[in-house]
Amino acid sequence: MGLKMGAVQAFRSALRLAEPSIRDKVYVNYGRSLVTIGKYAQAVGIFQNVKEATFNSGSGLALALYKDKQYEESYASYESALHWLTEDQGLQSEILVALASMAYLFQGPEEAKTLLFQSFQLENPSPWGLYATLSLGLLHQDLELSSLVLKELEKLKDHVRCLPHYSILISYVYLLQGDSKRAVWEVSKLIHRHPNQPGPWLSLSILLIRLHAERPRSYAPARCGEIAMKLGQNTMDVTKVLCIVSLGLFLVGNYKQALKSAQKAIHCYPNVAECWIALISALMIKTKNNKQEMDKAKLDQKAAHVRNNLNPSDSLSKWLDEHCQHIRSA
């Protein structure tokens, strides 16, 4: 967060000093930086100050509106960018994918499919359209659609940017078919083809955690997560990978190392809610196994910090509510 705040302050200063001819560019970059720190309403106001709209300003405004939960205005901004602000079909394809994600929320899967199919028909179609369509097929158990899209995605499986998405999606395809061995095999093949890429290693770690019941004493999930962390430090978002490593160690009963991994995660990424959840889990189990008296006040304090400051997801908030209630009654 520190570097992001530094960028916001730098763009704010640049705006005061900018010549009129470049002020629009500064507005766009300032707006983007505000979005990255969660200041969505402020970002909307900055984007609206742009005098001559461009694709970057229009799509930036649409994203800020979406993040600020102004969905109708966001949809209209995306449509404006699609029809008026670019003739690049690759960019148009990207916008159609964004529109499809919003259509799915408010109009259902069929309207989303229509927009996604339109994105495929353009030159240089967005791979995100393929990811979204395959995900749609998996969510609604449309295996025919999933199989068709998977064939198209196979053409991109050796592209470095596609690997993380392809590896996790192909594992879900076979998991939903009840073929866990094939899921592990397919992701393992990708690792053999691209051993220096962190994405497939992370996908295999997540997959093996899901299959923990089949391999209850395996350290492979944690080991794969550690490799992904080491390979991806400069090339991918690793903020939650240490949490996965901690979970892998937790599942095989190595609570001491799970706690160390969770502590390291918080040290590296103190603003990530999942890191704190990993720490709370490890502390609860370690205390229980060592037959120590649980420091309920400290655990409750950590849980309150997550709720009040880190914007946890609904599933994490539910977990906190259930386990904090258990802590108080223990």
Side-chain angles (χ1 to χ4, degrees), residues 1 3-12 14-15 18 20-109 111-136 156 159-162 164-165 236-237 311:
M1 184 65 77
L3 291 175
K4 292 177 181 178
M5 285 300 300
V8 168
Q9 292 165 5
F11 284 124
R12 186 185 300 130
L15 194 57
S21 60
I22 63 168
R23 190 163 290 160
D24 278 354
K25 290 183 179 179
V26 179
Y27 275 130
V28 170
N29 286 297
Y30 186 20
R32 283 178 172 174
S33 65
L34 287 167
V35 169
T36 65
I37 63 169
K39 302 291 186 181
Y40 306 128
Q42 191 177 345
V44 169
I46 292 298
F47 279 117
Q48 288 174 336
N49 285 328
V50 172
K51 292 184 177 179
E52 295 185 16
T54 63
F55 175 80
N56 286 335
S57 67
S59 59
L61 173 60
L63 177 62
L65 287 165
Y66 178 81
K67 293 286 190 179
D68 198 41
K69 299 183 179 180
Q70 299 184 49
Y71 298 119
E72 290 184 10
E73 294 85 350
S74 175
Y75 198 95
S77 293
Y78 274 126
E79 283 196 316
S80 175
L82 174 66
H83 296 300
W84 304 109
L85 299 180
T86 183
E87 295 181 359
D88 184 320
Q89 293 198 3
L91 294 177
Q92 290 175 341
S93 179
E94 298 273 4
I95 294 177
L96 284 166
V97 176
L99 289 171
S101 68
M102 298 180 69
Y104 179 76
L105 288 174
F106 302 108
Q107 299 175 42
E111 182 63 26
K113 285 181 188 177
T114 300
L115 291 164
L116 289 169
F117 290 150
Q118 288 177 21
S119 77
F120 301 157
Q121 295 167 6
L122 298 174
E123 290 183 20
N124 192 24
S126 168
W128 290 98
L130 294 172
Y131 308 149
T133 308
L134 180 52
S135 300
L136 200 60
L156 303 175
H159 293 202
V160 171
R161 289 186 178 181
C162 183
H165 311 289
M236 67 182 289
D237 182 0
N311 192 27

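On a predicted model such as this, the values are computed, not experimentally measured, just so you know.
No donor-acceptor pair closer than 3.5 Å links the side chain of E111 to the backbone N or O of A103. Without hydrogens or angle criteria, S80 side chain to S77 main chain gives no donor-acceptor distance under 3.5 Å. Under a 3.5 Å cut-off, the side chain of D68 and the backbone N or O of Y40 do not form any donor-acceptor pair. Remark: the backbone N or O of Q70 is not paired with any side-chain donor or acceptor of S74 at under 3.5 angstrom. With hydrogens and angles disregarded, no donor-acceptor distance shorter than 3.5 Å links the side chain of S57 to the backbone of A53. One N or O on the side chain of Q92 and one on the backbone of T86 form a donor-acceptor pair closer than 3.5 Å.
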Open item on the list: side-chain contact (heavy atoms from CB on, under 4.5 Å), that's the test. Do L61 and V50 meet it? Break it down for me.
Closed with: CA-CA 10 Å; L61 173 60; V50 172; over 6 Å; no
Open item on the list: Does W128 form a side-chain contact (heavy atoms from CB on, under 4.5 Å) with H165? I'd like the steps, not just the answer.
Closed with: CA-CA 9 Å; W128 290 98; H165 311 289; 3.4 Å; yes
Open item on the list: Please determine whether side-chain contact (heavy atoms from CB on, under 4.5 Å) holds for the pair Y78 and L63, giving the CA-CA distance in whole Å, both sets of side-chain angles, and the decisive distance to 0.1 Å.
Closed with: CA-CA 8 Å; Y78 274 126; L63 177 62; 3.9 Å; yes
TODO: Run the numbers on T54 and D24 for side-chain contact (heavy atoms from CB on, under 4.5 Å), then give the verdict.
DONE: CA-CA 9 Å; T54 63; D24 278 354; over 6 Å; no
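Using a 4.5 Å cut-off on side-chain heavy atoms (C-beta onward), F120 and L130 make contact. Two residues are said to be in side-chain contact when any heavy atoms from C-beta on lie closer than 4.5 Å; S119 and P125 fail this criterion. Side-chain contact between E87 and F55 is absent, with no heavy atoms from C-beta onward closer than 4.5 Å. At least one side-chain heavy atom of R32 sits under 4.5 Å from a side-chain heavy atom of F47. With contacts defined as side-chain heavy-atom distances shorter than 4.5 Å, the pair C162/Y131 qualifies.
Here the closest heavy-atom approach between residue I95 and residue L82 is recorded as CD1-N, 3.7 Å. The shortest non-hydrogen separation linking V35 to A64 is CG2-CB, 4.0 Å. Considering all non-hydrogen atoms of both residues, L156 and P127 come closest at CD1-CB, 4.1 Å.
With sequence neighbours excluded, the residues satisfying ring pair (Phe, Tyr, Trp, His ring centres under 6.0 Å) with F106 are Y71.
Shown here is D88, whose CG atom has more than 12 heavy atoms of other residues, nucleotides or ligands within 6.0 Å.
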